[in-house]
Amino acid sequence: MPTLSGIVDKIIYQNRDNGYTVAVLETPDGEITVVGLLPLVAEGEQIEVEGEYKLNPKHGQQFEVSSFLSKLPVEETAILRYLSSGIVKGVRAKTAKLLVDAFGPNTLDIIENDPEQLVQIRGISPEKAEKISQSMKETVGVKTILLYFQQFGMTPSVAFKIYKQFGLRAYDLVRQNPYRICEIQGVSFEKADRMAEQMGFDRTSDFRLKAGIEYILNQNLYNNGHTFIPRAKLIPLAAEFLDADRETVSDRIDDMCAPGGDLQYVPKIGNTDGVYLRWVYDSERNITNRVLLASRLGSEYPGNFNRDIGKIERDLDITFDEKQRKAVKESCCHQMMILTGGPGTGKTTTLNGIIRILEEKGEKVGLATPTGRAAKRITELTGREAKTIHRLLEYTQTGTERCFQRNHGNPLEYDAVVIDECSMVDLWLFDHLLDALPLSSRLILVGDVNQLPPVGPGSVLKDILSSGCVPSVELTEIFRQARESLIITNAHAVLHGEMPVLNETKKDFFFLRAENPLGAVQLAVELASQRLPNAYDFSPETEIQVLSPTRKGLTGTTNLNRELREKINPAAYNKKELTFRDVVFREGDKVMQIRNNYDLVTERDDGHLDAGIYNGDLGIVESVLPAQESLIVRFDDKRVTYTGENLEELEPAYAITVHKSQGSEFKAVILMVSEGADVLFTRNLLYTAMTRAKQLLILVGSPARLSYMIGNVTADKRYSGLKFMLKNLG
């Protein structure tokens, strides 16, 4: 790859949190703009960068950095610029000049290794001299760490993540055990394995065996949702993965399952056994204990229920049916209760009744959901503010430290907490919710167990419901008005394994046949960009959503986003663009936040500043700021500025996966029912997608593929011990 050497003449932009930098490099061939991960690089510093030239549509030719080497400046002018940049805490332009005037080319060496001399400078006390020296040592230490890891093929991005995870201890920790880098999100076992081999570690080392076994458990936890793996399956999996014999792997698993070890073995979970990561087992056990405690606490309804429910019916101008009345009453009689039901069965009406009756009893009610869009929707439906569960628990993140401010030592201040869309809540989040819930508080779980399971580990709602330990009410009757919707009646037909009505043309559900994937894409693009906006006046950006079970292939979201954007938001001379890696962001683009970020500052329309944007939030690129390598995205009533590596958290959203649509509703949904891996085409994925549509649902594809999805009911089974713990310990 091409290599450039030169002096950093100007820092245009630098993100101190992730190291993303835009700088002007002064080279023998002139000034060149370099962009990429250049952590703690400062003006005046000499660097050598490797990468490739790329043409930025707004800024012309730039050099995109893939790796770099750095040298501290040695000439007095360069040292002065370096220190004046603020790279060393406690030193600015005035102090920098005094230091260079006093110590000349030896300035940096004296700062790092002989700080006692700094007290010669007016205004520098012994304490300040020590702080300046410590800052210099940290800066040099970080760069030493980055260079050390780059020699093993680590990109600056990964090297900086290692530093952020372990700090200045990274060098010693990883030299002792290179597999520690597997603890970092996005770093594969294979990468750690290559590094360990270069460092001379034996392939049969305990470090390697332990890391490989944990890696398999973690991959199954986060990618497949399994909270444990049967021991009889884990041993051959690990043996093949590690190229080790089964007996060695078996012995290592036993060692790791010893008291105080990182794993937990449970001999009887239904008809199998299980090996857990210790913290996952602890979470299941914590949830079990708390749920069983709540199940033992109950009381008679306090007062005259018929009188109270009658008042709420008059206030809301409705009449509850028998099951709805039961759900409202049960919510007042138990510490934990589950309300479940499909679309059109009156779940939201019942939820409103529950909130009303608890408030009538003088209870302070908190309302939360797993996602920001779900919180916004339930706020609109109930008239009460709903928060994300993370916001409810006051999640904070400082560097690599993540925690909830609300916990058993600082519990929530509610008499009752209602969690909607609870089918999306994973094991880890539910454990933290229970930890923060006072023993005296009620917990009402509302959801649809037939939706897709959580993206994260476990099947909490389904397991608790099927254990029978917690009082529950399932709403099954489709109300008269809902029966007029083919979306709702067809969704229930799919739920019961029946083919939906496909030949009705005067309602809210249509099936459009496409003979091949290319035809399906063309049809979906035409519908989203022209036919639906023209016929229904739906906005392609905010009211129409294309869904697909998969990212890959012609009908996957990656290709669909390319095709849809060229029709809905084509390039134009007055639309600025920003290229980040292989993604081009254009003003007017529909985008999605793909992970929770609780630190991103958001500015509301009323000028109020807040923080936090959530996985699944949809927005529009309002403006692109090429000079700052940033863009501004509007999410409903707030705006967020994205710079540097934060752009990794955005992706095009004209088409999104069904999993990403959970908790959201759209006026019109176009669902691709065509090609893709069979394992993704399941009944509950189809049911989940269908129930995202409020006014119009169009399925595009093949009736045979649709029939296959309805019949595929086994793909989402997960290894989870929660149900069995609840049954055996209850």
Side-chain angles (χ1 to χ4, degrees), residues 284 286-299 301 320-343 345-358 363 365-370 374 378 381-382 386 389 392 414-427 429-431 433-434 437 439 441-454 458-477 495 662-663 684 687-688 691 718 720 722-727 729-730:
E284 278 196 357
N286 292 341
I287 292 170
T288 298
N289 292 337
R290 185 59 187 272
V291 170
L292 290 176
L293 176 61
S295 71
R296 299 183 184 109
L297 301 175
S299 62
Y301 181 82
F320 292 114
D321 71 10
E322 184 180 345
K323 282 192 172 181
Q324 290 177 311
R325 290 169 69 92
K326 180 183 178 183
V328 174
K329 185 176 182 180
E330 295 281 87
S331 69
C332 298
C333 299
H334 300 282
Q335 292 298 103
M336 191 175 294
M337 176 258 185
I338 298 173
L339 172 65
T340 185
T345 59
K347 202 162 66 232
T348 301
T349 301
T350 308
L351 176 57
N352 270 318
I354 289 172
I355 294 170
R356 284 291 189 102
I357 203 162
L358 291 173
E363 297 192 13
V365 180
L367 188 57
T369 69
I378 206 65
L381 292 172
T382 64
I389 299 174
L392 181 79
Y414 294 102
D415 303 300
V417 173
V418 178
I419 305 296
D420 194 30
E421 296 286 355
C422 197
S423 63
M424 298 173 64
V425 179
D426 65 23
L427 186 82
L429 188 57
F430 196 68
D431 184 20
L433 173 66
L434 293 181
L437 191 72
L439 291 173
S441 296
R442 305 182 193 280
L443 181 63
I444 293 112
L445 307 176
V446 183
D448 184 347
V449 290
N450 297 302
Q451 302 276 3
L452 286 168
S459 304
V460 173
L461 181 65
K462 188 175 182 180
D463 283 351
I464 296 175
L465 187 65
S466 59
S467 74
C469 294
V470 173
S472 64
V473 176
E474 181 182 8
L475 304 178
T476 55
E477 181 184 347
L495 189 58
Q662 285 181 269
N684 62 351
Y687 173 76
T688 301
T691 54
R718 295 181 169 191
S720 169
L722 181 58
K723 178 178 73 173
F724 301 100
M725 286 189 191
L726 288 167
K727 283 186 171 182
L729 297 177

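For the single chain, residues carry numbers from 1 onward in sequence order.
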Can you list the steps and then say if V446 with V418 is a side-chain contact (heavy atoms from CB on, under 4.5 Å)? CA-CA 7 Å; V446 183; V418 178; 4.0 Å; yes
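- Here the side chains of L726 and L292 are in contact, with some heavy-atom distance below 4.5 Å.
- Counting heavy atoms from C-beta on, the side chains of P370 and F430 never come closer than 4.5 Å.
- Listed here is the closest heavy atom pair of Y414 and V365: CD2-C, 3.6 Å.
- Here the side chains of T349 and F320 are in contact, with some heavy-atom distance below 4.5 Å.
- For D431, the side chain to side chain donor-acceptor pair (under 3.5 Å) partners two or more places apart in sequence, or in a different chain, are S283.
- With rounding to the nearest 0.5 Å, the separation of NZ in K727 from OG in S467 is 7.5 Å.
- Remark: L461 CG to I419 CD1 distance equals 11.5 Å, nearest 0.5 Å.
- The closest donor-acceptor contact from the side chain of Q335 to the backbone of S441 lies under 3.5 Å.
- Under the salt bridge (Lys or Arg N to Asp or Glu O under 4.0 Å) criterion, R290 pairs with no residue, sequence neighbours left out.
- At least one donor-acceptor pair closer than 3.5 Å links the side chain of Q324 to the backbone N or O of D321.
- Residues P471 and K326 have side chains not in contact (no heavy-atom distance under 4.5 Å, counting atoms from C-beta outward).
- Considering only residues two or more places apart in sequence or on other chains, Q662 meets the side chain to side chain donor-acceptor pair (under 3.5 Å) condition with none of them.
- When the salt bridge (Lys or Arg N to Asp or Glu O under 4.0 Å) test is applied to E363, the partners found at least two apart in sequence or on another chain are R442.
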Determine whether L437 and M336 satisfy the following criterion, side-chain contact (heavy atoms from CB on, under 4.5 Å), listing intermediate values before the conclusion. CA-CA 11 Å; L437 191 72; M336 191 175 294; 5.8 Å; no
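- Not a single side chain to side chain donor-acceptor pair (under 3.5 Å) links D420 to another residue, sequence neighbours left out.
- Closest heavy-atom contact between T369 and I378: CG2-CG2, 3.8 Å.
- Here the side chains of I354 and L358 are in contact, with some heavy-atom distance below 4.5 Å.
- How far CG of L339 is from NZ of K323: 11.0 Å, rounded to the nearest 0.5 Å.
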Go through the steps for V460 and C422 under the test side-chain contact (heavy atoms from CB on, under 4.5 Å), then give the verdict. CA-CA 8 Å; V460 173; C422 197; 5.8 Å; no
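- Annotation: the span from L351 atom CG to T382 atom OG1 amounts to 6.5 Å, rounded to 0.5 Å.
- Closest of all the heavy-atom pairs between S459 and R718 is OG-CD, 3.6 Å.
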Given L443 and V417, is the side-chain contact (heavy atoms from CB on, under 4.5 Å) satisfied, shown in steps? CA-CA 5 Å; L443 181 63; V417 173; 4.1 Å; yes
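- Atom CG of L427 and atom CG of L722 lie 7.0 Å apart (nearest 0.5 Å).
- Side-chain contact between L392 and L433 is present, with heavy atoms from C-beta onward closer than 4.5 Å.
- Taking all atoms of both residues into account, the shortest heavy-atom contact from V291 to V470 is CG1-CG2, 3.5 Å.
- By the side chain to side chain donor-acceptor pair (under 3.5 Å) test, S423 is found to be paired with no residue, residues two or more places apart in sequence or in another chain being considered.
- Considering every non-hydrogen atom in both T340 and G447, the closest pair reads OG1-O, 2.9 Å.
- Note that CG of L475 is 4.5 Å distant from OG1 of T350, once rounded to the nearest 0.5 Å.
- Looking at every heavy atom in both residues, A368 comes nearest to I389 through CB-CG1, 4.1 Å.
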